[in-house]
Amino acid sequence: MEGEMRALETLGNLSGKTVLVRSDLNVPLKDGVITDDGRVRAAAATIEKLTAENARVIVISHLGRPKGEVDNSLSLKPVAQRLGEIIDAPVSFVADTVGAEAAAAVKELKDGAVLMLENLRFNAQETSKDAAERSQFAARLAELADAFVLDGFGVVHRSQASVTELAKALPSAAGLLVADEVAVLKQLTEDLKRPYTVVLGGSKVSDKLGVIDHLIERVDTLIIGGGMLFTFLAAKGHKVGASLLEEDQIETVRGYLQRATELGVELVLPSDIVVAEKFDADAAYEVVAADAIEESSFGASGIGLDIGPESAKLFAEKIRAAKTVFWNGPMGVFEMENFAAGTRAVAKALTEVSGLAVVGGGDSAAAVRALGFADSDFGHISTGGGASLEFLEGKQLPGLEVLA
Ligand code: ADP
Ligand code: MG
């Protein structure tokens with residue numbers, strides 16, 4: 001699907017050269033503390049390889065959505081410190097990107113040393129809709145370095161200054177993480193081992209329509225949980241109480257149900273649901289049949305916050321029977337312990353798959369770590385939510401195309 005990407009080696013001998021590395025260090029933060037450093041850990045390999053080659057490394061990334069203005073709560077400074085701990089080497093930080101301070105810090109950079117610049121999105125040009133503005137920002141970044149390595153898989157589906165324009169402005173190549181992510185995801189699109197089961201959850205069905213539409217032709221089994229399952233139940237004519245429901249997608253979803261039948265694809269919906277009195281960690285809850293949500297004691301105001309135990313068992317059985325599994329989107333509101341069991345059961349089943357089991361999606365990756373699983377329990381945890389979904393949809397990703 002994607003052409004071959006230029007590998008890191010194609011940049012030649014980088015000793016003494018200054019290399020800009022675009023990582024995706026967009027980590028979740030709570031009160032300035034990193035709550036999941038998975039993306040920083042994933043970024044380390046490329047940075048360590050470059051410093052081992054005696055390159056001068058400048059790491060760049062975005063963090064959150066500061067809307068083109070300085071927002072100190074979204075500074076990359078704590079991320080620079082965390083990266084230093086992970087690679088066990090000093091990582092200096094400058095609160096600037098293309099100004100005089102950054103240029104001065106780059107000038108000071110020694111062979112084999114690492115410098116991190118401030119959040120790219122403090123500059124509105126980074127994500128500007130105007131290509132000329134993006135090119136301008138990329139050109140100023142390019143002045144700082146001799147070569148560019150694109151290693152932020154989470155942003156390869158974005159046409160942004162530090163992704164596509166910067167890759168055009170300097171000799172450029174894919175980093176180890178991008179190469180690794182693409183290699184794994186290719187196993188889900190080419191020569192895959194069957195049965196192939198995809199598990200989708202998360203909050204909104206409208207976020208995942210593209211991927212459902214594309215995958216329904218390719219999978220053997222499609223399992224639906226999470227907030228989106230209620231739109232599926234509604235499409236089957238069931239009442240869903242006050243659960244998450246996207247009325248405007250019911251017709252589309254009905255079409256998927258029909259196509260699944262026509263194609264002989266097994267579409268698995270939950271048979272039981274954990275219904276809560278309200279959207280609250282301490283809310284009272286009951287397990288009811290999926291076609292009788294409003295028959296709980298909370299009536300029409302009950303909210304489905306997780307798949308029930310019978311469904312969790314069924315989903316786990318289906319997952320374990322597969323040879324290739326892709327999972328995106330939590331099965332319930334896993335952030336609340338009472339509604340985390342479905343997600344935990346699915347995660348556990350993925351660790352027991354004998355073939356390739358891939359977890360994709362920012363919240364899904366955070367969920368498995370929060371529930372106590374290790375990254376190594378899975379075949380692969382993708383650092384890119386949107387990027388992995390778009391890859392599976394068969395879309396051309398601008399950040400990968402530019403490296404072809
Ligand atoms: P990802 O980032 O892995 O792609 P999403 O962003 O699509 O996943 O969805 C994650 C969110 O979905 C979680 O915050 C979770 O609480 C929420 N969610 C899952 N099930 C439900 C539900 N039944 N009702 C409301 N929200 C849900
Ligand atoms: Mg998400």
Side-chain angles (χ1 to χ4, degrees), residues 24 26-28 30 35-36 38-39 64-65 153-155 157 185 198-212 215 223-234 238 240-246 249 269-270 272-281 283 285-288 290 293 296 298 301-308 311-312 315 325-347 350 358-371 373 375 378 380-393:
D24 173 11
N26 184 27
V27 291
K30 201 170 179 199
T35 55
D36 176 26
R39 281 182 164 161
R65 297 176 183 272
F153 183 71
V155 291
H157 60 317
L185 292 176
V198 170
V199 188
L200 294 177
S203 48
K204 289 158 112 193
V205 72
S206 50
D207 286 349
K208 318 265 161 110
L209 290 175
V211 77
I212 298 173
L215 287 177
I223 299 178
I224 304 286
M228 67 160 78
L229 76 88
F230 302 101
T231 306
F232 278 81
L233 292 179
H238 305 315
V240 299
S243 308
L244 206 65
L245 173 64
E246 289 177 82
Q249 304 301 345
L269 288 171
D272 59 349
I273 302 288
V274 180
V275 176
E277 187 173 18
K278 51 184 187 230
F279 192 90
D280 187 279
Y285 60 91
E286 284 169 20
V287 176
V288 295
I293 288 178
S296 83
F298 318 120
S301 62
I303 313 174
L305 294 185
D306 196 9
I307 58 170
S311 311
F315 286 13
V325 183
F326 176 76
W327 171 34
N328 168 271
M331 295 293 100
V333 184
F334 72 94
E335 297 93 335
M336 304 177 187
E337 181 49 38
N338 285 344
F339 311 111
T343 303
R344 188 177 281 117
V346 161
L350 257 88
V358 178
V359 182
D363 290 293
S364 309
V368 298
R369 294 186 189 118
L371 295 174
F373 294 91
D375 290 24
F378 302 91
H380 182 74
I381 300 186
S382 177
T383 55
S388 61
L389 288 175
E390 288 196 20
F391 192 99
L392 291 189
E393 278 172 49

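Counting from 1, the numbers follow the sequence of the chain as shown. Nothing here was measured: the structure is a model prediction, and the numbers come from that model. Any value given below was found using the heavy atoms of this structure, including those in side chains, with hydrogens, waters and symmetry copies removed. Counting starts at 1 for both ligands and their atoms, in listed order.
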Determine the minimum heavy-atom distance between [X] and [Y], stating which atoms define it.
{"X": "Ala367", "Y": "Thr343", "value": "CB-CG2, 4.2 Å"}
{"X": "Ile273", "Y": "Leu233", "value": "CD1-CD1, 4.4 Å"}
{"X": "Ala312", "Y": "Ala345", "value": "CB-CB, 3.8 Å"}
{"X": "Phe232", "Y": "Leu269", "value": "CB-CD2, 3.6 Å"}
{"X": "Leu392", "Y": "Leu185", "value": "CD2-O, 4.3 Å"}
{"X": "Ala365", "Y": "Ser382", "value": "CB-O, 4.5 Å"}

If you count the atoms of ligand 1 from 1 in the order shown, which ones are under 4.0 Å from a heavy atom of [X]?
{"X": "Asp363", "result": "1 (P), 2 (O), 3 (O), 5 (P), 6 (O), 8 (O), 10 (C)"}
{"X": "Phe230", "result": "23 (N)"}
{"X": "Asn328", "result": "3 (O), 4 (O)"}
{"X": "Gly227", "result": "19 (C), 20 (N), 21 (C), 22 (C), 23 (N)"}
{"X": "Pro330", "result": "8 (O), 9 (O), 10 (C), 19 (C)"}
{"X": "Ser364", "result": "1 (P), 3 (O)"}

Practice prompt. Specify side chain, backbone, both or neither for Asp207, according to which of its non-hydrogen atoms lie closer than 4.0 Å to ligand 1.
Written response: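 The answer is neither; Asp207 stays 4.0 Å or more away.
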Discussion item. Please classify the Lys204 to ligand 1 contact at 4.0 Å (heavy-atom distances, strictly less than): side chain, backbone, both or neither.
Written reply: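 Within the 4.0 Å criterion, Lys204 makes no contact with ligand 1.
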Closest protein heavy atom (residue, atom, distance) for [atom]:
{"atom": "atom 7 (O) of ligand 1", "result": "Lys208 NZ, 2.9 Å"}
{"atom": "atom 19 (C) of ligand 1", "result": "Gly332 O, 3.1 Å"}
{"atom": "atom 23 (N) of ligand 1", "result": "Gly304 O, 3.1 Å"}
{"atom": "atom 17 (C) of ligand 1", "result": "Ser203 CB, 4.1 Å"}
{"atom": "atom 15 (C) of ligand 1", "result": "Glu335 OE1, 3.6 Å"}
{"atom": "atom 25 (C) of ligand 1", "result": "Val333 CG2, 3.7 Å"}

Worksheet item: Counting heavy atoms not belonging to Phe334, are there more than 12 under 6.0 Å from its CZ?
Response: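 Result for CZ/Phe334: enclosed.
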Worksheet item: At a 4.0 Å cut-off, with the gap strictly under it, does some heavy atom of Met336 reach an atom of ligand 1?
Response: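 No, that is not the case, since the closest heavy atom of the residue is not under 4.0 Å from the ligand.
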From [X] atom [atom1] to [Y] atom [atom2], the distance as rounded to the nearest 0.5 Å:
{"X": "Trp327", "Y": "Ile223", "atom1": "CH2", "atom2": "CD1", "answer": "11.5 Å"}
{"X": "Arg344", "Y": "Leu371", "atom1": "CZ", "atom2": "CG", "answer": "5.0 Å"}
{"X": "Met331", "Y": "Leu305", "atom1": "CE", "atom2": "CG", "answer": "14.0 Å"}

Item to complete: Scan for salt bridge (charged side-chain N to carboxylate O under 4.0 Å, His left out) pairs involving residues 201-212, sequence neighbours excluded, and state none if there are none.
Response: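 Qualifying pairs: none.
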Practice prompt. Please examine the side chains of Asp306 and Tyr285, heavy atoms only from C-beta on, and report whether any two atoms are closer than 4.5 Å.
Written response: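 They are not in contact (no side-chain heavy atoms under 4.5 Å apart), so the answer is no.
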Item to complete: Under 2.8 Å from the Mg ion (ligand 2), which protein N, O or S atoms are there? Could you list them by chain and number?
Response: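 Counting only protein N, O or S atoms under 2.8 Å from the Mg ion (ligand 2), the list reads Asp363 OD2.
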Item to complete: Compute the shortest N/O to N/O distance between Phe334 and ligand 1 and return yes if it is under 3.5 Å, no if not.
Response: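 Phe334 vs ligand 1: no N/O contact under 3.5 Å.
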Fill in: For Leu350, the option from Val325, Val368, Val358 that meets side chain to side chain contact (heavy atoms under 4.5 Å, CB included)
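It is Val325; the other options fail the test.
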Worksheet entry | Distance-only donor-acceptor check, side chains Glu246 and Ser206, under 3.5 Å |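 Per modelled atom types, Glu246 and Ser206 side chains form a pair under 3.5 Å.
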